*Asks:* 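To start, I am sharing the structure in question, which I have written as structure tokens.
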Amino acid sequence: QVQLVESGGGLVQAGGSLRLSCAASGSFLSINVMGWYRQAPGRQRELVAGINSGGYTNYADSVKGRFTISRDNAKNTVYLQMNSLKPEDTAVYYCHAFGLQSGSYGYTNYWGQGTQVTVSS
């Protein structure tokens, strides 16, 4: 069974930092892209940052220069270091993986259960 298990969310004051982690478990043959999305109340889910197996990264404009995504391919784990947090970063953060599972016919999107990040002003 494939699982994406997130950790590291919480409450922090504006200007503070948090580090999110997401470990993908299960019979993955390959994971192409891993990343983080977020969804604030009343808003659509949006991409925060993504990283492919070769290390290429992309970020939402709103987090460039403040957030850093990294990945440990051997552990199927992705991290999101969030610095200089702002109240508008408050959201549920979801881990995402686009991977090929043993026995499946193609790459599929997988999602974590979400972790709450709250930034107080």
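All residue numbers refer to positions in the sequence shown, counting from 1. Just so it is clear, the model here is predicted, and its values are computed rather than measured.
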*Asks:* Counting distance only, does the side-chain N/O of Thr77 pair as donor-acceptor with the main-chain N or O of Lys75 below 3.5 Å?
*Replies:* yes

*Asks:* Can you name the nearest heavy-atom pair linking Tyr94 to Gly112, along with the distance?
*Replies:* CD2-O, 3.7 Å

*Asks:* Quick one: CZ on Arg38 to OG1 on Thr115, what's the gap to the nearest 0.5 Å?
*Replies:* 14.0 Å

*Asks:* Give me the atom names and distance for the closest heavy-atom approach of Phe28 to Ser25.
*Replies:* CE1-O, 3.8 Å

*Asks:* Is there a side-chain contact between Val48 and Leu80, using heavy atoms and a 4.5 Å cut-off?
*Replies:* yes

*Asks:* Identify each donor-acceptor pair in which a side-chain atom of residues 13-23 lies under 3.5 Å from a protein atom, sequence neighbours left out, and give them as a table.
*Replies:*
| unit_1 | atom_1 | unit_2 | atom_2 | d |
| --- | --- | --- | --- | --- |
| Ser17 | OG | Asn83 | OD1 | 2.9 |

*Asks:* Treat each ILVMFWY residue as a node, draw an edge where side-chain heavy atoms are under 4.5 Å apart, and state whether Ile69 and Tyr110 are in one component.
*Replies:* yes

*Asks:* Does Glu6 use its side chain to pair, donor to acceptor, with the backbone of Cys95 at less than 3.5 Å?
*Replies:* yes

*Asks:* How many angstroms lie between atom CZ of Phe98 and atom CG of Leu100, to the nearest 0.5 angstrom?
*Replies:* 9.0 Å

*Asks:* Can you tell me which residue pairs pass the ring-ring contact (aromatic ring centres under 6.0 Å, His included) test with a partner in residues 36-63, sequence neighbours excluded?
*Replies:* Tyr37-His96, Tyr37-Trp111

*Asks:* Please tell me if the side chains of Tyr79 and Asp72 come closer than 4.5 Å, counting only heavy atoms from C-beta onward.
*Replies:* yes

*Asks:* Considering non-hydrogen atoms only, spot the tightest contact between Asp89 and Arg66 and give its length.
*Replies:* OD2-NH1, 2.7 Å

*Asks:* Do you know the tightest heavy-atom contact between Val119 and Thr90?
*Replies:* N-OG1, 2.9 Å

*Asks:* What pair of heavy atoms forms the shortest contact from Ser53 to Ile31, and how long is it?
*Replies:* CB-O, 3.9 Å

*Asks:* Report the residues that fulfil salt bridge (charged side-chain N to carboxylate O under 4.0 Å, His left out) with Arg71, sequence neighbours left out, ordered by chain and then residue number.
*Replies:* none

*Asks:* For the pair Lys64 and Asp61, find out whether any cationic side-chain nitrogen is under 4.0 Å from an anionic carboxylate oxygen.
*Replies:* yes

*Asks:* Taking side chain as C-beta onward, heavy atoms only, is Leu29 less than 4.5 Å from Gln101?
*Replies:* no

*Asks:* Find the distance between CD1 (Ile51) and CG (Asn32) and round it off to the nearest 0.5 Å.
*Replies:* 11.5 Å

*Asks:* Provide the closest heavy-atom pair for Ala91 versus Tyr93 in the form atom of the first, atom of the second, distance.
*Replies:* O-CD1, 3.4 Å

